[in-house]
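As C-alpha cells, the structure follows; a few thoughts come after it.
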Amino acid sequence: MEHISTPKVENVKLLDRYASRKAASGTLYLTATHLIYVDASAEVRKETWILHHHISSVEKLPLTTAGYPLLIHCKNFHVAHFVIGQERDCHDVFTSLLKLSQPVKPEELYAFSYNPKMSKESREMGWKLIDLKLDYQRMGIPNDSWEITDINKDYEAALCRCSQPLAGFSARCLEDEQMLQAIREANPGCPFMYVVDTRPKLNAMANRAAGKGYENEDNYENIRFKFIGIENIHVMRSSLQKLLEVCEMKSPSMSDFLTGLENSGWLRHIKAVMDASVFLAKAVREERASVLVHCSDGWDRTAQVCSLASLLLDPFYRTFKGFMVLIEKEWIAMGHKFSHRCGHLDGDPKEVSPVFTQFVECVWQLMQQFPCSFEFSERFLLEIHDHVYSCQFGNFLGTCHKEREELRIFEKTHSLWPFLLQRKQELRNPLYRGFAAYKELQPNTLPFSFQFWCGMYNRFDKGMHPKQCVLDQLLSCLGHKVTLEDNASELENKLPILDGPLPSQGCTSPKAGAAAAKAPTPPQDCAEGAAPVLSNGPSLGHQKHKESPAQPRDLRASREDGQAQHQG
Amino acid sequence: MEFAELIKTPRADNVVLHRPFHLAVEGTLCLTGHHLIFSSRRKDNTEELWLLHSNIDSIEKRFVGSLGTIVIRCKDLRIIQLDIPGMEECLNIASSIEALSTLDSVTLMYPFFYRPMFEVLEDGWSSFLLEQEFELLSSVTNEWRLSCVNKEFSVCPSYPPLVIVPKSVDDEALRKVALFRQGSRFPVLSYYHKKNGMAMMRSSQPLTGTNGRRCKEDEKLVNATLRSGRRGFVIDTRPLTVAQQARAKGGGFEQEVHYPQWRRIHKYIERFNILQESFIKLVEACNDQSHNMDRWLSKLEASNWLTHIKELLTAACLAAQCIDREGASVLVHGSEGTDSTLQVTSLAQIILDPRCRTIRGFEALVVREWLQAGHPFQQRCAQSAYSNSKQKWEAPVFLLFLECVWQIHRQFPCSFEFNEHFLILLFEHAYASQFGTFLGNNESERAKLKLPQKTMSLWSWVNRPEELSRFQNPLYEANSLVIWPSVAPQSLQLWEGVFLRWNRTSRFLEEAEEERINIIKYNKELQAKVNALRRQLAELETDGQVQEDGP
C-alpha cells in the first residue's frame with residue numbers, strides 16, 4: 001500500500017467514450033490490486049474494476065471545465081476516461097497508478113498475493129492439471145533433444161522448431177546438418193523436409209551480417225527452404241497501436257475506419273501468421289514432409305505458427321484441455337517471454353509486443369470459419385487473454401522455465417487452468433460438434449475471410465456489439481436442458497405408478513403428444529467431450545447429467561471412443 | 001415471337017461446367033425459352049443446374065482452338081463457366097443466351113409462362129390489401145381516411161388506387177396537392193406510431209421552383225398530421241445544395257416561411273448510378289482472388305458500399321428518433337420519392353414496429369412501402385453488378401434496404417421472425433423470378449399487364465407452410481420494443497450471405513446454423529413434453545380424486 005497516498009476520491013466523473021449521454025458521477029477507490037469506480041448516479045449500483053496490472057498507460061489530459069481528466073488505457077483494451085475535481089487528487093491517483101501498474105520486483109505481482117482460499121493440495125493439483133509429458137505420450141513420442149511440438153501419427157511427419165542458425169555468411173555446423181538429416185530420415189514418407197523461416201527474407205539477410213541468418217540449402221541435404229514474411233515484434237507493436245487509435249476514433253466515418261484499419265496493417269499481419277500456419281499444416285498433411293520452423297529467437301513467430309498449425313491439424317487442441325496444453329507447451333515451456341512481451345514489470349517498452357494477442361486472434365478467426373469445431377467460445381479466449389496480462393495466476397509470469405522455478409511460482413501462486421475449467425459451462429461453445437466431427441481445418445485465407453474483432457478491440461464499448469446475444473441464448477437452452485430432461489423423466493416415472501399404462505393420446509395436445517411420441521433428437525452436448533481427459537481436474541458436477549435417460553448414449557459412446565483412441 | 005427462332009442450337013453434349021468450390025462436371029446443355037439447363041446425366045448421381053435466362057447479367061465468350069468457353073455472370077452474383085466443344089455450337093449458344101436474357105418485352109418473361117407445381121392455398125396477390133391495413137389503423141385512431149382519389153391511377157400514376165390521408169383533407173384538395181408535388185406524389189401516410197400517435201408521411205419534393213411557389217392545400221395536408229402546438233420534421237434525403245439546385249428545375253423544398261411548424265433536416269442518401277457503381281466495385285473486390293489484404297481493404301473502402309449502408313441506417317434512425325423520442329410527426333422525401341424516401345420510411349418501420357419484424361409483417365412492408373409505393377423495380381433491377389450498361393435508372397436501391405435489414409438483424413438476432421435466407425430470397429426474386437410480384441414499375445403497370453390474373457405471386461408460394469419453415473429464425477422471440485441499431489463502423493459488416501456466397505464454402509456455417517436450430521428445437525420439444533406430462537399427471541390426479549371421492 002506504500003504507493004497509495006489517496007485511497008478514495010469522491011465526485012469523480014467517468015466519461016462515456018461514444019454516447020453523448022451524461023457522464024457517470026461517483027467515487028474512485030484505489031486498493032492494492034484494483035482501481036474501483038462506483039457509479040453513484042446510476043439507479044443500480046454500478047462498479048467498474050480495473051486491475052492495476054491491466055493498465056498499460058495513464059495520461060493526464062489538459063484541464064477542462066469539468067475538472068482534471070485522467071485517461072487510462074488497459075492491456076485488455078479497456079479505456080477509462082475519468083475527470084477528477086481537484087488537481088492534487090488527480091496527481092496522486094496518477095502517480096500511484098504509474099507505480100502500481102508496473103511493479104519493479106516480480107514478488108509485487110498480484111499472483112503472489114492472490115489468495116482464493118484453496119487448500120494446498122488443490123493448489124498443487126491445479127499445477128499438475130496440464131502435464132506436458134502426457135501430451136507427448138499422447139502423440140506417441142519420447143522426449144528427445146529436439147523440441148518436437150507435434151507429430152501426426154497418420155503421416156509420421158513432424159513439426160519441429162528451433163532458433164535461427166548462427167550462419168553468418170559462410171559458417172557451417174556439421175552437427176546441425178546431421179541433426180536435420182536425422183529428422184528428415186525419421187520420416188520415411190517423404191524424401192525432403194521443409195525448413196521454414198518465418199521472417200521476411202530481407203530481415204533474415206540482414207541478420208547474416210550479425211553472424212546469424214538462415215540455412216544454406218547447399219549445405220543441408222534435401223531441404224527445401226522457405227521464407228514466410230511475418231514481421232518482427234516492433235512492427236507488430238506499432239501496428240496494434242495504430243489499430244487501437246482507429247478503434248478509439250470519435251464517430252469515424254466508414255471510410256476513416258476502413259482506411260485506418262488498412263493503414264494499421266493489423267489484419268495483414270494476422271493473415272501472414274495464418275498463412276504460415278496453413279503452409280505448415282499443409283506440408284505435414286499433404287506432402288507428409290517434416291518441417292523445421294524458426295524465426296530469430298524461436299519464441300515469438302515460431303510459437304505463433306507452430307501452435308496454430310497444431311490447432312489446424314489436431315482436434316485435441318480445440319478442446320478446453322487441449323488448448324491449455326497447447327499454450328503450456330508451445331508458449332510457456334518453449335520460453336515465450338510473457339513477462340517482457342506483456343510488460344508485466346517496469347522494463348524495456350521495446351520488448352513489449354502483442355505476439356500472443358495475435359495468436360488468440362487467429363484462433364478467433366478460425367472460430368468464425370469453423371463455428372462448430374471448438375469446444376470453447378470466444379469468451380474463453382478473452383478470459384485467457386485477460387489473465388496473460390493480469391498476473392493473477394502464476395502461469396504467465398517470468399520469461400522461461402528457469403526463471404519461473406527461481407520465483408517459486410509453483411509453490412507460491414495458483415495455476416489459471418483449474419479456475420477456467422470450473423467455469424466451463426459459461427465458456428463453452430454450444431455449437432461444438434465434438435472431437436471427431438472435424439479432423440483438420442483448412443481455413444480460407446483470402447483477405448475477405450478475416451474480420452475485424454470488435455469483441456476484442458472494442459470489447460468494452462458495449463454499444464457497438466449486437467444487442468442480443470445468441471451465445472447466451474444457446475447456453476441458457478443447454479442449461480435448461482438438464483433440468484427439463486430430469487423433469488421429464490421424473491414425470492414419466494410418476495405416470496405409470498398412478499395409472500398403469502399411459503393414457504391415450506387424446507388427452508394431450510396433439511403437438512405435445514407428437515413431441516413426446518417421437519423422441520426428439522437432442523443436440524450433442526459436447527461439454528462432456530473432454531470429460532475423460534479431465535479426470536484429474538476439479539469436480540465439474542455433471543454426474544447427474546450423465547444419468548439422464550434421454551441422453552444419446554450412442555453418440556456419447558462414440559465420442560468417448562474417439563477420445564480414448566486419441567489419447568492412446 | 002417464337003423462342004425457337006432465338007435458339008439455334010438447343011442442345012450440346014460433352015459440355016463441362018465449372019463452378020467455384022465444385023469439381024468440374026461433364027454433361028449436356030439444353031436451352032429452352034426461359035432456362036439454361038445443364039444435366040450431368042451420370043447414372044449414379046445426376047446433377048442438374050437450372051438457370052433462368054433472366055438471371056443472367058452478362059456473358060463472355062472465349063475460344064481456344066475449337067473449344068469455346070462461355071462465362072456466365074448472374075444477377076444473384078454467381079459466376080459459372082461452360083466449356084462447349086465446337087466453335088459453331090458455342091457461338092450459337094452464346095448468342096441465344098444473350099438474346100434470351102435481354103428480352104425487351106415484359107410479357108415474354110418467364111412469370112407469364114410459369115405454371116406452378118404446387119397447390120395455391122392463399123392467393124398472394126390479395127394477401128396484403130390496403131383496406132386491411134386501414135382497418136387496423138381505424139381501431140386505434142379516426143384521424144385518417146382511405147381515399148380512392150387515385151382510382152384508375154388518374155391522379156398519380158405511380159401510386160396505388162387507394163391511399164391513406166388525413167381525414168380533414170378532401171379528395172379535391174388532394175388533386176391540388178398532387179399538382180404541387182413531383183410526379184403527383186402527394187404526401188400520404190406511411191406509418192402510424194400507435195405508442196404516441198405520431199405519423200410518418202412520405203411524398204416527392206414540392207414544386208416550389210425559383211420563385212417560391214406555394215400550395216395552401218399542401219400546407220394544410222402536411223399540418224394536419226401535427227398535434228396542436230407541436231413541431232414536425234421534414235427529412236429531406238438530399239443535401240441542402242442539391243435541394244436548392246432542384247429549384248432551378250422546378251423542384252424544391254418546404255420553406256420555413258410557409259411551413260413554420262416544420263423543421264427541415266437534410267440527410268444525404270446516394271442515388272442512381274453512384275449506387276450502381278458502388279455495387280459493381282464491391283462485387284469486383286469480392287471476386288478478387290489475390291492474397292493482398294491491403295488491396296482488399298482499400299477496394300472495400302473505395303467501393304463506398306458500407307458508407308451507403310451507414311448513411312442509410314443513420315437516416316432511418318433519425319426518422320425513428322423524431323417519431324419515438326421527440327414525439328414528432330415526420331415527412332420524408334427526396335426528389336421523386338420512389339427510392340431513398342422508401343428506404344428511409346421502410347427501415348424506420350423495422351426499427352419502430354415489431355410487426356414489421358415478423359415474416360408476414362415484413363412481406364406487408366415490402367408490398368406497402370415498395371411495390372404499392374411505386375419503387376420502379378423493373379428499371380432498378382434490370383441489371384445487376386456485372387452489367388456494363390450504365391443506365392441511370394439501374395440501381396441496387398432495394399438490395400441496400402435488404403442489407404440494412406440484415407445489419408439490424410445481426411444486431412438483434414432474436415427479434416426477427418425470419419432469417420437471413422428470407423432476405424436473400426427477396427434479393428434474388430427482385431432481380432429474376434418465376435413469379436410476377438416484382439415485374440412492372442408500379443401498380444398501374446402491374447394492372448395493365450394483368451399480373452394478378454396472368455402470373456403467380458411470390459407470396460402464394462413463400463407463405464406455404466413447407467416453404468415458410470425454411471425462412472424461420474429459430475431464435476425469434478417477439479420483442480415489442482423499438483430496436484436501435486448501432487451505426488458505428490465497427491458494428492457494420494459486409495453481408496457475406498450475398499457478397500461472398502459463391503466465393504467460399506458455406507458448409508461449416510450451415511452446420512452451425514443446423515446446430516443452433518437443433519438446440520432450440522430440442523429445447524422447445526422438451527419443454528412441450530414436460531408440459532404435456534404435467535397436464536396428464538394433473539388430469540390423472542383429479543380423476544383419481546374423483547374416483548376416491550365417489551361411492
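Atoms considered below: every heavy atom in the structure, side chains included; atoms not considered: hydrogens, waters and symmetry mates.
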Of the backbone (N, CA, C, O) and the side chain (C-beta and beyond), which part of [X] lies under 4.5 Å from a heavy atom of chain B, both, or neither?
{"X": "A/K467", "answer": "both"}
{"X": "A/C372", "answer": "side chain"}
{"X": "A/T259", "answer": "both"}
{"X": "A/Q368", "answer": "backbone"}
{"X": "A/Y438", "answer": "side chain"}
{"X": "A/S449", "answer": "neither"}

Please identify, among [options], the residue contributing the most non-hydrogen atom pairs under 4.5 Å to chain A.
{"options": "B/R507, B/R410, B/E511", "result": "B/E511"}
{"options": "B/K310, B/E496, B/M293", "result": "B/M293"}
{"options": "B/Q411, B/H291, B/Q289", "result": "B/H291"}
{"options": "B/S486, B/P413, B/S491", "result": "B/P413"}

What is the distance from atom [atom1] of [X] to atom [atom2] of [Y], rounded to the nearest 0.5 Å?
{"X": "A/W266", "Y": "B/L297", "atom1": "CH2", "atom2": "CG", "value": "14.5 Å"}
{"X": "A/F452", "Y": "B/Q490", "atom1": "CZ", "atom2": "CD", "value": "5.0 Å"}
{"X": "A/E492", "Y": "B/L537", "atom1": "CD", "atom2": "CG", "value": "11.5 Å"}
{"X": "B/Q536", "Y": "A/L491", "atom1": "CD", "atom2": "CG", "value": "9.5 Å"}
{"X": "A/L261", "Y": "B/S298", "atom1": "CG", "atom2": "OG", "value": "11.5 Å"}
{"X": "B/W305", "Y": "A/L258", "atom1": "CH2", "atom2": "CG", "value": "14.5 Å"}

Near B/L481 CG, under 6.0 Å, is it more than 12 heavy atoms from other residues, nucleotides or ligands?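 Buried by this count: over 12 neighbours within 6.0 Å.
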Please state whether the side chain, the backbone, both or neither of [X] comes within less than 4.5 Å of a heavy atom of chain A.
{"X": "B/L500", "answer": "side chain"}
{"X": "B/S290", "answer": "backbone"}
{"X": "B/R295", "answer": "neither"}
{"X": "B/N304", "answer": "neither"}

Testing the basics here: between [X] and [Y], what is the closest heavy-atom pair and its distance to 0.1 Å?
{"X": "B/V530", "Y": "A/L484", "answer": "CG2-O, 3.5 Å"}
{"X": "A/S255", "Y": "B/T307", "answer": "N-OG1, 4.3 Å"}
{"X": "A/L431", "Y": "B/A512", "answer": "CD2-O, 3.9 Å"}

Inspect the contact between A/K494 and B/E541 and indicate whether a charged nitrogen and a carboxylate oxygen are less than 4.0 angstrom apart.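 Result for this pair is no, no salt bridge flagged.
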Heavy-atom check, side chain of [X] versus side chain of [Y], under 4.5 Å:
{"X": "A/P447", "Y": "B/N292", "answer": "no"}
{"X": "B/I519", "Y": "A/L478", "answer": "yes"}
{"X": "B/Y522", "Y": "A/E485", "answer": "yes"}
{"X": "B/F412", "Y": "A/P466", "answer": "no"}
{"X": "A/R433", "Y": "B/E514", "answer": "yes"}

B/E301 and A/E262: side-chain contact (heavy atoms from CB on, under 4.5 Å), yes or no, with the steps? CA-CA 9 Å; B/E301 189 272 322; A/E262 183 197 337; 5.6 Å; no
Between A/F448 and B/W296, how do the two ring planes meet: parallel, tilted or perpendicular, split at 30° and 60°?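 Plane angle over 60°, so perpendicular.
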side-chain contact (heavy atoms from CB on, under 4.5 Å), that's the test. Do A/N487 and B/R534 meet it? Break it down for me. CA-CA 9 Å; A/N487 281 348; B/R534 282 222 177 95; 3.5 Å; yes
Taking atom types as modelled, is there a side-chain donor on A/Q468 or B/E477 under 3.5 Å from an acceptor on the other?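 B/E477 and A/Q468 do not have a side-chain donor-acceptor pair below 3.5 Å.
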Applying the side-chain contact (heavy atoms from CB on, under 4.5 Å) test to A/M254, which of B/L300, B/V487, B/L306, B/I309 qualifies?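 Between A/M254 and the candidates, side-chain contact (heavy atoms from CB on, under 4.5 Å) is satisfied uniquely by B/L306.
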Return the option, out of A/A488, A/C469, A/C454, A/G463, with the maximum number of heavy-atom pairs under 4.5 Å with chain B.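 When all of A/A488, A/C469, A/C454, A/G463 are compared, A/A488 has the most.
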What residue in A/R268, A/H480, A/Q451, A/Q369 has the most heavy-atom pairs under 4.5 Å with chain B?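 Ranked by contacts with chain B, first place is A/R268.
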For B/D294 and A/L267, what are the C-alpha separation, side-chain angles and deciding distance, and is it a side-chain contact (heavy atoms from CB on, under 4.5 Å)? CA-CA 9 Å; B/D294 289 1; A/L267 285 176; over 6 Å; no
